[in-house]
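Below: one structure, written as structure tokens.
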Amino acid sequence: MEEEKASMSWTDERIERLRQLWGQGMSASEIAEVLGNVTRNAVIGKAHRLGLSGRPSPIKKKPTRGATILSLNERMCKWPVGDPKHADFHFCGCPSLPGMPYCREHAQMAYQPAKKRDDERKLVMA
DNA sequence: CCCTGATTCGC
DNA sequence: GCGAATCAGG
């Protein structure tokens with residue numbers, strides 16, 4: 001059994017896990033969760049220091065609009081952008097999540113209104 | 001409102 | 001080198 005030390009440092013094993021999970025497309029928060037005792041900030045910070053990052057959202061920037069229905073793949077985000085009757089209509093084309101026809105941002109958009117199911121207690125929100 | 005990563009800045 | 005805080009965007 002691996003014990004958690006009070007002083008957690010980035011060992012080769014954890015860095016290895018970080019690289020793998022990050023390369024697999026896991027978000028910083030997910031990696032932080034699976035690693036344990038680390039926040040998403042720590043994961044991002046270490047990832048950046050390692051020379052990683054850049055894989056997921058480099059703050060969203062897709063000047064490429066070659067993504068048409070003919071070039072759509074299963075792993076491409078199928079989110080319609082613009083007017084379907086316009087010539088500049090295109091799809092997001094961002095890497096979609098497993099089992100999800102949309103990428104993170106668009107999946108969140110689609111899931112936002114389709115959530116909430118609390119029996120009691122529901123404050124917060126101002 | 002939620003989320004994401006990028007960067008900065010103090011330790 | 002480390003990570004929280006902050007920043008920037010969807």
Within this structure, what is the CE-to-P distance between Met26(A) and dC3(B), rounded to whole angstrom?
17 Å

Counterpart residues, side chain to side chain contact (heavy atoms under 4.5 Å, CB included), relative to Arg49(A) (two or more places apart):
Lys46(A)

In short, Cys77(A) meets Cys103(A) closest at the heavy-atom pair SG-N, 3.2 Å

Sequence neighbours left out, cut at 3.5 Å: what donor-acceptor pairs do the side chains of residues 38-45 of chain A make with other protein atoms?
unit_1	atom_1	unit_2	atom_2	d
Thr39(A)	OG1	Ala42(A)	N	3.3

Members of residues 27-36 of chain A that approach DNA chain C, where some heavy atom sits under 4.0 Å away:
none

State, yes or no, whether a side-chain contact exists between Arg19(A) and Leu50(A) at a heavy-atom distance under 4.5 Å.
yes

Ignoring hydrogens and geometry beyond distance, is the side chain of Arg40(A) in donor-acceptor contact with the base of dG3(C) at under 3.5 Å?
no

To the nearest 0.5 angstrom, please state how far the CE atom of Met26(A) sits from the CG atom of Leu35(A).
9.0 Å

State whether Thr39(A) places a side-chain N or O below 4.0 Å from either non-bridging phosphate oxygen (OP1 or OP2) of dG3(C).
no

Kindly write out the residues that satisfy side chain to side chain contact (heavy atoms under 4.5 Å, CB included) with Gln20(A), not counting sequence neighbours, or none if the list is empty.
Glu16(A), Gln24(A)

Who pairs with Trp79(A) by ring-ring contact (aromatic ring centres under 6.0 Å, His included), at least two apart in sequence or on another chain?
Tyr102(A), His106(A)

Whether Trp10(A) contacts dG3(C) is assessed here as follows: a side-chain N or O lying under 4.0 Å from the phosphate OP1 or OP2. Is that the case?
yes

CG of Leu50(A) versus P of dG5(B): gap in Å, rounded?
15 Å

Atom pairs under 3.5 Å, N or O on each side, protein against nucleotides 7-11 of chain B: can you list them with distances?
unit_1	atom_1	unit_2	atom_2	d
dT7(B)	OP2	His48(A)	NE2	2.2

Is the distance from OP1 or OP2 of dG3(C) to the nearest side-chain N or O of Lys46(A) less than 4.0 Å?
no

